[in-house]
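If you're wondering where the values come from, they're calculated on a predicted model, not measured in any experiment. All chains are named by letter (A, B, ...) in the order of the sequence lines, taking the proteins before the strands, and each is independently numbered beginning at 1.
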Protein chains: 2
Amino acid sequence: MITIREVAERAQTSIATVSRVLNNLDGYSEQTKVKVLKAAEELGYESNAIARSMIIKKTNTIGVVFPNISSMITYEFLNGIEDVTYKNDFSVIVSYTYSQPERMMKALRTLYEKRVDGIIFTSDEVTDDYLNYLEKIDIPVVFLSTKSEKSTIPYVKVNDFAAAFDAVDYLIKNEHTNIGLIAGNPDDTIAGIPRIEGYKAALKKAGLPVREEFIRYGYDFSFNDGKSRFEDLINENPDITAVFAVSDEMASGAITAAHQMGIDIPGQISIMGYDNTMISEVAYPALTTLAQPLRKMGSEAVKLLIKMIKGDQFKEEVVLDHSVIERQSVKKRNKSES
Amino acid sequence: MITIREVAERAQTSIATVSRVLNNLDGYSEQTKVKVLKAAEELGYESNAIARSMIIKKTNTIGVVFPNISSMITYEFLNGIEDVTYKNDFSVIVSYTYSQPERMMKALRTLYEKRVDGIIFTSDEVTDDYLNYLEKIDIPVVFLSTKSEKSTIPYVKVNDFAAAFDAVDYLIKNEHTNIGLIAGNPDDTIAGIPRIEGYKAALKKAGLPVREEFIRYGYDFSFNDGKSRFEDLINENPDITAVFAVSDEMASGAITAAHQMGIDIPGQISIMGYDNTMISEVAYPALTTLAQPLRKMGSEAVKLLIKMIKGDQFKEEVVLDHSVIERQSVKKRNKSES
DNA sequence: TTGTAAGCGTTATCAT
DNA sequence: ATGATAACGCTTACAA
């Protein structure tokens with residue numbers, strides 16, 4: 001491996017000077033600059049970031065931990081993250097934890113050992129263990145699509161409660177009154193409970209009853225989850241005319257179930273998704289869905305993180321806007337039919 | 001930051017000894033071991049991988065470069081990769097290059113500067129520039145879903161030619177004779193040309209004519225690509241009864257176009273995809289598709305890479321099996337109808 | 001403008 | 001079994 005030392009020899013100068021010109025500092029003549037650059041070029045020298053990191057105590061690397069969320073969401077987040085890390089010359093180490101505590105702890109520990117400059121903690125429940133560790137290692141962290149009441153760690157999120165509220169409200173505005181919910185896990189304080197509460201709140205605000213039998217709880221926001229919950233839900237409640245599924249994958253699972261059950265979407269039942277991932281376009285009929293600005297969430301999270309790394313310690317909380325994307329899976333209910 | 005030095009002080013021993021017990025070497029008594037471990041524990045010491053890397057010249061990190069391919073493919077690859085990096089205690093740095101040469105070169109250079117132990121180069125055309133650089137830096141590389149004739153760098157792939165051949169052959173076995181192709185970019189030597197050639201070869205082998213007007217070329221394997229190509233193709237060739245699209249995204253775009261054109265799938269036209277990503281399940285009708293073992297491809301690639309990193313220099317070429325996954329978008333043609 | 005030398009936090013080689 | 005100490009490849013005072 002070519003080192004700065006060899007460059008110095010060839011350029012007949014000292015390593016200090018080589019370091020200076022290579023880092024665009026000052027304190028050398030134009031002449032030596034040329035000599036050094038030439039020598040470096042000829043030797044094909046490339047600096048060793050490891051050695052530099054030892055001294056400057058910065059790695060220009062951040063870590064991102066993902067649980068086991070939808071492929072499309074992960075992808076969008078990562079793209080948004082990459083957009084800005086690229087511009088800021090940061091590298092990103094990604095770890096999938098599958099929401100397993102041991103994997104998460106190992107991932108966090110590894111990131112710390114490798115001395116990443118910051119961490120983006122994505123979409124997962126923040127346990128005390130995680131929080132304690134994050135506080136102990138004391139490096140900048142931002143939560144993406146999650147948060148913790150117990151800490152002051154900044155986050156970037158959508159307001160899940162408000163988003164679910166708006167989704168259900170949209171269904172209500174389309175004259176639906178018997179609205180089913182395919183929910184997340186009711187123990188999930190991040191993407192589970194707030195969306196359930198949003199659903200209930202929208203119903204209440206419209207003077208509609210909240211009927212527990214209209215709610216089905218899923219586990220992992222998956223296609224199969226949505227599919228089997230939908231079957232259950234509709235079989236036991238034939239009077240439902242619209243269902244809100246709290247992820248696009250679940251919603252498309254519901255659509256597939258409907259096809260198999262011979263139910264016309266949106267003719268007989270309207271279905272609304274959540275996320276606005278690519279799936280909502282691919283589904284047939286295309287999904288009307290509650291859009292999260294996934295990519296932007298990723299990029300905002302790194303922007304915030306980099307600010308913190310650079311020393312601006314003001315801890316913000318970024319709540320991004322959501323919106324309803326109208327496609328074909330929701331139809332205004334024809335009251336005369338019922 | 002707590003260093004080994006502070007641990008040594010607290011344990012009243014030398015840094016050398018601390019290093020020894022922390023690394024499970026030998027050369028210390030049980031007694032000192034206990035002392036050291038206790039001190040480390042109390043101080044909350046965590047080793048500094050940067051410093052270690054300086055000496056051992058290993059970072060236990062690999063780099064993965066992705067162009068701008070389908071979200072699902074990226075996700076599956078990454079998952080496969082993570083599965084084995086996790087077990088082998090490697091971290092992975094990912095970079096998206098969007099197939100832009102400058103971004104690719106920068107990504108490669110950064111990976112080298114950070115002294116990754118190996119690189120997985122994914123799905124992109126391998127230019128001379130890339131190859132020269134990879135050879136120059138001389139670290140283990142494996143190509144994933146791509147390869148280069150000009151180098152001996154090992155790869156893991158599916159045989160695209162044979163896969164496309166089998167896909168079209170499947171259509172032929174279902175009595176289709178007028179088979180359209182929604183192809184990739186004809187300049188793409190990796191996922192473009194081989195699949196086109198596979199299509200043609202299957203036709204020829206069956207004694208069917210290769211008609212250029214049955215072929216439409218896309219750019220990026222995307223949904224919209226598939227959608228507009230399908231419209232074109234069918235409008236100009238109403239006699240086509242089956243089309244093979246070289247990606248699931250394209251195939252689902254084709255299905256959506258068909259819905260809009262009032263064409264029944266597979267009643268009037270059969271559609272076959274390629275990849276077997278999640279999309280093929282979500283599409284309606286669910287896509288019959290040519291499956292690549294995406295996740296396995298990812299994990300095999302790292303396995304190979306890690307072998308190379310560990311010093312086993314035997315350079316393999318891994319060609320993984322593909323298969324046809326039958327779902328609902330292909331139907332046996334009823335000859336009497338035509 | 002330039003060079004010497006002291007680190008950075010480890011591992012590894014020597015003595016002891 | 002243990003401890004000095006020399007690396008590793010750089011950046012950065014401090015001198016000159």
Side-chain angles (χ1 to χ4, degrees), chain A residues 1-37 39-40 43-61 89 109-117 137-139, chain B residues 1-37 39-40 43-61 89 109-110 112-117 137 139:
Chain A
M1 198 178 50
I2 309 293
T3 73
I4 207 180
R5 177 155 273 109
E6 302 173 56
V7 177
E9 272 172 30
R10 176 176 261 258
Q12 303 190 84
T13 179
S14 70
I15 60 169
T17 297
V18 172
S19 176
R20 287 188 193 101
V21 350
L22 260 23
N23 288 297
N24 273 313
L25 304 178
D26 40 27
Y28 47 84
S29 65
E30 184 61 25
Q31 196 192 17
T32 53
K33 174 178 177 179
V34 172
K35 269 197 310 186
V36 169
L37 257 20
L43 291 169
Y45 171 80
E46 310 227 23
S47 73
N48 183 329
I50 299 290
R52 177 184 307 114
S53 290
M54 271 228 70
I55 304 207
I56 66 175
K57 291 176 178 321
K58 288 260 162 283
T59 50
N60 267 283
T61 303
D89 288 308
R109 213 179 318 269
T110 301
L111 291 176
Y112 179 60
E113 281 187 1
K114 300 207 170 156
R115 296 301 189 263
V116 294
D117 297 334
I137 62 181
D138 191 37
I139 66 185
Chain B
M1 199 180 50
I2 309 294
T3 73
I4 207 178
R5 177 156 274 109
E6 302 172 58
V7 177
E9 272 171 30
R10 177 175 261 258
Q12 304 192 84
T13 179
S14 68
I15 59 168
T17 297
V18 172
S19 177
R20 284 192 270 261
V21 349
L22 260 23
N23 289 295
N24 274 312
L25 304 178
D26 41 27
Y28 48 84
S29 65
E30 183 60 24
Q31 196 191 18
T32 54
K33 174 179 177 178
V34 172
K35 270 198 309 186
V36 168
L37 257 21
L43 292 169
Y45 170 80
E46 307 229 23
S47 73
N48 184 329
I50 299 289
R52 177 183 309 114
S53 290
M54 271 228 72
I55 304 212
I56 66 174
K57 292 177 176 323
K58 287 260 164 281
T59 51
N60 267 281
T61 303
D89 287 308
R109 213 178 319 269
T110 301
Y112 179 60
E113 280 186 1
K114 300 207 168 153
R115 297 300 189 265
V116 295
D117 297 334
I137 62 181
I139 65 184

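- An angle of 50°, rounded to 10°, separates the two end axes of the helix from C:dT1-D:dA16 to C:dT16-D:dA1, each defined over five pairs.
- Between A:S53 and A:T59 the shortest heavy-atom distance is OG-CA, 3.5 Å.
- Qualifying side chain to side chain contact (heavy atoms under 4.5 Å, CB included) partners for A:I15, counting only residues two or more places apart in sequence or in other chains: A:I4, A:R5, A:A8.
- Residues passing the side chain to side chain donor-acceptor pair (under 3.5 Å) test with B:D89 are A:K106, sequence neighbours excluded.
- For B:D26, there are no side chain to side chain donor-acceptor pair (under 3.5 Å) partners at least two apart in sequence or on another chain.
- Residue A:S53 is out of contact with every strand shown, counting any heavy-atom pair closer than 4.0 Å.
- Among residues two or more places apart in sequence or in another chain, the side chain to side chain contact (heavy atoms under 4.5 Å, CB included) test is passed with B:E30 by B:K33, B:V34.
- Annotation: side chain to side chain contact (heavy atoms under 4.5 Å, CB included) contacts of B:R10 (sequence neighbours excluded): B:A39, B:E42, B:L43.
- In terms of the side chain to side chain donor-acceptor pair (under 3.5 Å) criterion, A:E6 has no residue partners (sequence neighbours excluded).
- One interatomic measurement links the two molecules: CG of B:N24 to P of C:dT11, which rounds to 12 Å at whole-angstrom precision.
- Residues from residues 7-14 of chain A placing a heavy atom under 4.0 Å of any atom in DNA chain D do not occur.
- Atom CG of B:D26 is separated from atom P of D:dT2 by 12 Å (rounded to the nearest Å).
- B:E9 is linked by a salt bridge (Lys or Arg N to Asp or Glu O under 4.0 Å) to nothing, counting only residues two or more places apart in sequence or in another chain.
- Taking 4.0 angstrom as the limit, B:T32 places a side-chain polar atom (N or O) nearer than this to OP1 or OP2 of D:dT2.
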Encode nucleotides 8-16 of chain D as B, S and - characters from 5' to 3', where the letter depends on protein heavy atoms closer than 4.0 Å: B to the base, S only to sugar-phosphate, - to neither.
BBBBBB---
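- Under the side chain to side chain donor-acceptor pair (under 3.5 Å) criterion, A:N60 pairs with no residue at all, not counting sequence neighbours.
- By the side chain to side chain contact (heavy atoms under 4.5 Å, CB included) test, A:T17 pairs with A:T13, A:S14, A:R20, A:V21, A:Y28, sequence neighbours left out.
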